[in-house]
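One structure is given here, and the rest of the page talks about it.
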Amino acid sequence: MGRQIRVPGAVLAALLLAAAAGCSGPGAPGGGDPKASASAGSPSTAAPGSPKSPNPPGDDAKPAGGDVLPGMVSAAVARTQLAALKVAPVGTMAGYSRDKFTHWAQQGSKCDTREVVLKRDGTGVTQDAECKAVSGNWKSLYDGAVVTEAGKMDIDHMVPLAEGWRSGAAGWDPARRKAFANDLTHPQLLAVTAASNRSKGDQSPDLWQPPDKASWCQYGRAWTTVKSTYALTVTEAEKKMLTTMLDTCAS
């Protein structure tokens, strides 16, 4: 039998502790990402009525599968949002001007918000040295039309600027109006045919609905989410029509 080597208890304990630490790796306990751990349960710090978790300028969110707009929620979440919206009469247009909603904002690399949305919403989009779309294909959500010329596409504000003004934006500061007019994170901006955008104008869903009813589920969810994000009010008729649109969703 070989000679036994006695290791002092304190040394043995230290060796065991060192081995345990090496198994978890650097960072958070268990080898997790310390940044992910820190953000995973962090409460939102957004002020009431302010955009929730906006992206930095130029960081345009991507639509989820099946949706053509970014920042979309499920029908169930949209119904919860709708139920929480304040119902109020149509507000005044006194003092309104589109110029009070700065757009289109620069998003970097010579691109403004319009060009970012055209690139995001199209397929095979090519841009020139000034970031202008020169070719591509776009399918308009409102009427189902397929377009191959960027000049025939408008960038629509899901909740129009004038509608925003009537339902709460009249009391905002210029920075918040600019964020609303150039919001690439929430479902507020999308490329649609000029004809459908101009048909819609600044009307709320009780006064205008997309002619392609297949889009009503997305339209209702998007409108409701934007109004919820910015704590804008709805009218009784508007809320009723949004409920009808959400009822077209499969779930």
Side-chain angles (χ1 to χ4, degrees), residues 63 67-73 78 81-82 85 88-93 96-104 112-118 120-122 133 138-147 149-170 177 179-184 186-230 232-249:
D67 288 324
V68 299
L69 285 156
M72 294 288 278
V73 299
Q81 291 175 334
L82 182 59
L85 290 178
V90 177
T92 178
M93 286 295 289
Y96 171 74
S97 169
R98 285 179 65 86
D99 293 340
K100 292 183 177 180
F101 294 79
T102 303
H103 67 291
W104 301 111
D112 62 18
T113 305
R114 171 183 165 81
E115 298 304 330
V116 171
V117 176
L118 281 173
R120 182 197 72 193
D121 290 0
W138 294 268
K139 184 175 182 181
S140 175
L141 177 68
Y142 297 166
D143 51 14
V146 176
V147 176
E149 296 178 45
K152 294 183 178 179
M153 300 296 288
D154 278 358
I155 304 305
D156 181 44
H157 289 96
M158 173 58 64
V159 175
L161 304 181
E163 168 61 23
W165 182 271
R166 291 189 292 264
S167 56
R177 290 187 195 128
F180 178 73
N182 297 275
D183 191 342
L184 294 168
H186 302 97
Q188 167 66 339
L189 298 172
L190 73 162
V192 296
T193 57
S196 64
N197 183 39
R198 291 163 199 182
S199 170
K200 171 182 173 179
D202 65 356
Q203 299 176 91
S204 53
D206 52 306
L207 301 175
W208 185 90
Q209 305 87 40
D212 184 355
K213 288 192 175 183
S215 70
W216 280 22
C217 174
Q218 287 195 62
Y219 194 87
R221 286 184 292 137
W223 184 285
T224 301
T225 295
V226 172
K227 284 237 164 169
S228 175
T229 298
Y230 288 92
L232 297 171
T233 61
V234 292
T235 66
E236 287 284 5
E238 178 186 353
K239 185 175 183 179
K240 182 178 180 180
M241 189 62 217
L242 287 169
T243 299
T244 298
M245 287 182 166
L246 294 177
D247 285 346
T248 69
C249 300

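Below, each value reflects all heavy atoms present in this structure, side chains not excepted, and no hydrogens, waters or symmetry copies. In what follows, residues are counted from 1 in the order of the sequence shown.
- Residues Pro70 and His186 form no side-chain contact, since every pair of their non-hydrogen atoms from C-beta on lies 4.5 Å or further apart.
- Using a 4.0 Å cut-off between a side-chain N of Lys or Arg and a carboxylate O of Asp or Glu, Glu163 and Lys200 do not qualify as a salt bridge.
- Using a 4.0 Å cut-off between a side-chain N of Lys or Arg and a carboxylate O of Asp or Glu, Arg221 and Asp67 qualify as a salt bridge.
- Note that CD of Gln209 is 5.0 Å distant from CH2 of Trp216, once rounded to the nearest 0.5 Å.
- In summary, the aromatic rings of Trp208 and Tyr142 are positioned with their centroids under 6.0 Å apart.
- Lys152 has its side chain out of reach of Trp138: every pair of non-hydrogen atoms, C-beta onward, lies at least 4.5 Å apart.
- Between the side chain of Glu115 and the backbone N or O of Ala133, at least one donor-acceptor pair lies under 3.5 Å.
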Can you check side-chain hydrogen bond (donor to acceptor under 3.5 Å, both in side chains) on His103 and Arg114, steps first, answer last? CA-CA 9 Å; His103 67 291; Arg114 171 183 165 81; over 6 Å; no
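- Judged purely by distance below 3.5 Å, without hydrogens or angles, the side chains of Trp223 and Glu238 pair a donor atom with an acceptor atom.
- Ser199 and Ser196 are not linked by any side-chain donor-acceptor pair at a separation below 3.5 angstrom, with hydrogens and angles left out of the test.
- In this structure, Asp121 does not pair ionically with Lys139, as no charged nitrogen and carboxylate oxygen lie closer than 4.0 Å.
- Side-chain polar atoms of Ser140 and Asp143 form a donor-acceptor pair below 3.5 angstrom.
- For Thr244 (side chain) and Lys240 (main-chain N/O), a donor-acceptor pair under 3.5 Å exists by modelled atom type.
- With salt bridges taken as basic N to acidic carboxylate O contacts below 4.0 Å, none links Glu236 and Lys239.
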